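Single-structure report; data block below.
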Amino acid sequence: MSTVEFKGFGWRHAGRKAWAVRHFDLRIEHGERVLLAGASGAGKSTLLAALAGLLAEDSGEQEGEVLVDGAPARQRRAGTGIVFQDPQTQLVMSRCGDDVAFGLENRGVARDEIWPRVDAALAAVGFPYDRDRDTAQLSGGEQQRLAIAGVLVSQPRLLLLDEPTANLDPAGAQLVRAALAKALHDVDATMILVEHRLEDALTLVDRVVTLGEEQEPVVVPHRPGSGPGPVLLTAERLALRHTGNVVDEVVRAGEALVVEGPNGAGKSTLALLLGGLTKPAKPGRVHAPGERRPPHRWRASKLAGRIGSVFQNPEHQFVTSTVRDELLLGGRDPKVVDDLLSRLRLDRLALANPYTLSGGEQRRLSVATALAAAPDLLILDEPTFGQDPRTWRELVDLLADLRDEGRGLVIVTHDRDLVRALGDRRLRLDRA
């Protein structure tokens with residue numbers, strides 16, 4: 001087990017004026033299970049990165065100390081396991097079993113011991129495939145389960161979890177929480193968890209530490225639409241690979257279509273097809289009224305002006321070095337950009353590098369980049385990921401306003417509150 005201590009700790013990313021976190025003091029005893037709560041951007045993920053020894057000295061400025069068992073955290077990395085918000089940052093091998101075994105092999109664990117431990121870790125998180133499954137064929141939620149297995153297999157003394165169930169469907173999230181509870185019961189590990197949905201995490205922890213002000217519970221502001229308008233997009237016989245699902249759907253202006261279903265059902269694949277970012281397999285097609293060519297054959301500038309996409313992993317959309325430049329890209333109206341920055345609470349971060357933002361801030365930036373081109377249709381994959389209650393409500397209100405102005409919305413989500421708030425119509429996809 002590990003004792004954790006922050007002494008006047010502060011961290012400022014290189015090139016940033018504001019500190020991500022500062023003057024932070026906290027002691028966590030051996031074997032404690034602690035939930036870190038607080039607003040998006042309060043510094044929760046920065047604290048976990050510091051404990052994992054992942055804040056490089058040349059990437060920012062540090063104040064104070066962060067200690068694990070009395071030594072600087074960078075010296076204790078071997079006994080620390082961390083699960084990030086984005087599981088793709090942790091997957092390194094092409095086969096699932098090899099990915100979980102990677103850390104054990106690097107540590108020289110005997111081969112006859114490796115595979116029983118790999119199988120036990122995969123079973124513990126409810127991973128639905130065998131070891132030979134290609135990691136490229138996994139959904140975001142399945143990748144997250146694999147990443148958790150890859151950490152648990154090493155039996156860390158300090159376990160750090162950064163919103164580990166954010167990308168999972170409700171059943172999968174409950175399964176992972178149960179697996180974590182069992183794993184924590186069976187091992188003497190100190191655990192620190194970052195989570196916005198406090199009610200889902202309380203059974204896993206002994207106490208809660210809040211950064212900044214206490215957060216109000218999410219209030220679901222049901223915002224029914226006034227009714228669908230003209231057709232924006234028609235999808236016919238869209239086959240979603242590896243799932244057996246075939247989709248026929250019509251997307252209309254002034255309507256929010258919510259796409260639900262378990263991980264691996266093809267929701268994100270459907271979002272890419274509707275967004276014109278992937279070519280449909282024959283005989284499937286996507287058609288926009290008045291257009292001879294399908295969206296995947298439009299020029300990039302035309303596609304961005306008609307259909308805006310927000311990916312499941314927001315950092316895949318960033319191409320510039322500052323938040324404001326990201327929105328100005330393509331000659332967009334500075335006044336519109338400044339309004340979006342203010343409305344999405346990103347104005348104080350206008351000059352920050354997008355890759356130094358918190359997960360919730362990156363998500364809001366990805367929404368802003370899609371909105372900056374004022375498209376008629378928005379395809380949003382998990383738009384409320386990583387949001388605290390205040391920014392969640394503000395984001396839902398913004399999306400409702402866009403729909404009421406006549407935009408079409410297609411929202412892929414596991415967020416049940418978002419479905420209740422905005423779901424004018426639902427499309428359910430199930431795994432084959």
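Only heavy atoms go into these numbers, but all of them, side chains included; no hydrogens, no water, no symmetry mates. Just so it is clear, the model here is predicted, and its values are computed rather than measured.
Here the straight-line distance linking atom CD1 of Ile379 with atom OG of Ser309 works out to 6.0 Å at 0.5 Å rounding. In this structure, CD in Gln387 is found 11.0 Å from CZ in Arg345, a value given to the nearest 0.5 Å. The distance from the CG atom of Asp130 to the CG atom of Asp132 is 5.0 Å, given to the nearest 0.5 Å. Rounded to the nearest 0.5 angstrom, Tyr129 OH and Arg145 CZ are separated by 8.5 Å. With values rounded to the nearest 0.5 angstrom, Gln144 atom CD is found 12.0 Å from Phe127 atom CZ. Note: Leu48 CG to Leu36 CG = 6.0 Å, rounded to the nearest 0.5 Å.
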Asp98 and Arg95: salt bridge (charged side-chain N to carboxylate O under 4.0 Å, His left out), yes or no, with the steps?
CA-CA 5 Å; Asp98 294 342; Arg95 294 195 310 172; 2.9 Å; yes

Go through it in stages, so that I can follow the logic: the residues are Arg131 and Asp99, the test is salt bridge (charged side-chain N to carboxylate O under 4.0 Å, His left out), and I'd like the CA-CA distance, side-chain angles, deciding distance and then a yes or no.
CA-CA 9 Å; Arg131 298 180 200 159; Asp99 198 86; over 6 Å; no

Run the numbers on Leu146 and Val100 for side chain to side chain contact (heavy atoms under 4.5 Å, CB included), then give the verdict.
CA-CA 7 Å; Leu146 187 66; Val100 178; 3.5 Å; yes

Working note: Asp162 + Ser45, criterion side chain to side chain donor-acceptor pair (under 3.5 Å); need CA distance, chi angles, decisive distance, verdict.
CA-CA 7 Å; Asp162 196 346; Ser45 295; 2.6 Å; yes

For a salt bridge (charged side-chain N to carboxylate O under 4.0 Å, His left out) check, start with the C-alpha distance between Glu249 and Arg425, then their side-chain angles and the critical distance, and finish with the verdict.
CA-CA 11 Å; Glu249 192 56 75; Arg425 195 160 53 86; 2.7 Å; yes

Side chain to side chain contact (heavy atoms under 4.5 Å, CB included), that's the test. Do Phe102 and Ser154 meet it? Break it down for me.
CA-CA 10 Å; Phe102 181 75; Ser154 297; over 6 Å; no

Show your reasoning for whether side chain to side chain donor-acceptor pair (under 3.5 Å) applies to Thr320 and Glu326.
CA-CA 6 Å; Thr320 70; Glu326 201 68 37; 2.7 Å; yes

Would you check, one step at a time, whether the test side chain to side chain contact (heavy atoms under 4.5 Å, CB included) holds for Leu351 with Val323?
CA-CA 6 Å; Leu351 300 181; Val323 167; over 6 Å; no

How far apart are the C-alpha atoms of Leu340 and Val337, what are their side-chain angles, what is the distance that settles it, and do they pass the side chain to side chain contact (heavy atoms under 4.5 Å, CB included) test?
CA-CA 5 Å; Leu340 282 171; Val337 166; 5.7 Å; no

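Of all heavy-atom pairs between Ala147 and Gln90, the closest is CB-OE1, 4.1 Å. Shown here for Val118 and Gly97, the closest heavy-atom pair between the two residues is CG1-O, 4.0 Å. Scanning both residues, Asp430 and Pro262, for their nearest heavy atoms gives OD1-CD, 3.9 Å. Of all non-hydrogen atoms in Leu327 and Arg332, the two that sit nearest each other are O-CD, 2.9 Å. The shortest heavy-atom contact between Leu418 and Pro383 is CD2-CG, 4.0 Å. Heavy-atom minimum distance, Asp69 versus Ser2: OD1-CA, 3.3 Å.
Counting only heavy atoms from C-beta outward, the side chains of Asp401 and Arg223 approach each other to under 4.5 Å. Looking only at side-chain heavy atoms (C-beta outward), Ser40 and Ser358 come within less than 4.5 Å of each other. Between Thr413 and Val259 the shortest side-chain heavy-atom distance does not fall below 4.5 Å. Under the 4.5 Å side-chain criterion, counting only non-hydrogen atoms from C-beta, Leu429 is in contact with Val247. Residues Leu198 and Leu35 meet the side-chain proximity criterion, which asks for heavy atoms closer than 4.5 Å. The side-chain heavy atoms of Arg27 and Leu67, taken from C-beta on, include no pair separated by under 4.5 Å. Looking at His30 and Glu32, their side chains never come closer than 4.5 Å, going by heavy atoms from C-beta outward. A 4.5 Å side-chain heavy-atom check between Leu380 and Val412 finds every atom pair outside the cut-off.
Using a 3.5 Å distance cut-off with no hydrogens or angles, the side chains of Arg16 and Thr356 do pair a donor with an acceptor. For the residue pair Asn353/Ser321, the side-chain donor-acceptor check at 3.5 Å is not satisfied.
With hydrogens and angles ignored, the 3.5 Å screen pairs no side-chain donor or acceptor of Arg428 with any backbone N or O of Glu260. Looking at His222, its side chain does come within 3.5 Å of a backbone N or O of Arg420 through a donor-acceptor pair. Counting only distance, with no hydrogens or angles, the side chain of Gln317 and the backbone of Phe311 share a donor-acceptor pair below 3.5 Å. Counting only distance, with no hydrogens or angles, the side chain of Asp376 and the backbone of Gly408 share no donor-acceptor pair below 3.5 Å. His296 contributes no side-chain N or O that, together with a main-chain N or O of Leu277, makes up a donor-acceptor pair within less than 3.5 Å. Side-chain N or O atoms of Gln75 include none that pairs as donor or acceptor with a backbone N or O of Pro72 at under 3.5 Å. A side-chain donor-acceptor contact under 3.5 Å links Arg117 to the backbone of Val153. Looking only at distances, no side-chain donor or acceptor of Lys44 sits under 3.5 Å from a matching main-chain atom of Glu195. For the pair Asp169 (side chain) and Asn263 (backbone), a donor-acceptor distance under 3.5 Å is present. Looking at Gln362, its side chain does come within 3.5 Å of a backbone N or O of Pro354 through a donor-acceptor pair.
The six-membered or imidazole ring of Phe24 lies away from that of Phe9, with a centre-to-centre distance of 6.0 Å or more.
Within a 6.0 Å sphere centred on CZ of Arg299, heavy atoms belonging to other residues, nucleotides or ligands number 12 at most. Atom CD of Glu57 has 12 or fewer heavy atoms from other residues, nucleotides or ligands within 6.0 Å.
For the pair Arg348 and Glu361, the salt-bridge criterion is met [side-chain N within less than 4.0 Å of a carboxylate O]. With respect to the salt-bridge test (charged N to carboxylate O, under 4.0 angstrom), the residues Arg343 and Glu394 do not qualify.
Screening Arg22, His23, Lys17 for a side-chain contact (heavy atoms from CB on, under 4.5 Å) with Trp19, the sole residue that qualifies is Arg22. When Asp424, Val419, Leu422, Asp415 are each tested for a side-chain contact (heavy atoms from CB on, under 4.5 Å) with Val258, only one passes: Val419.
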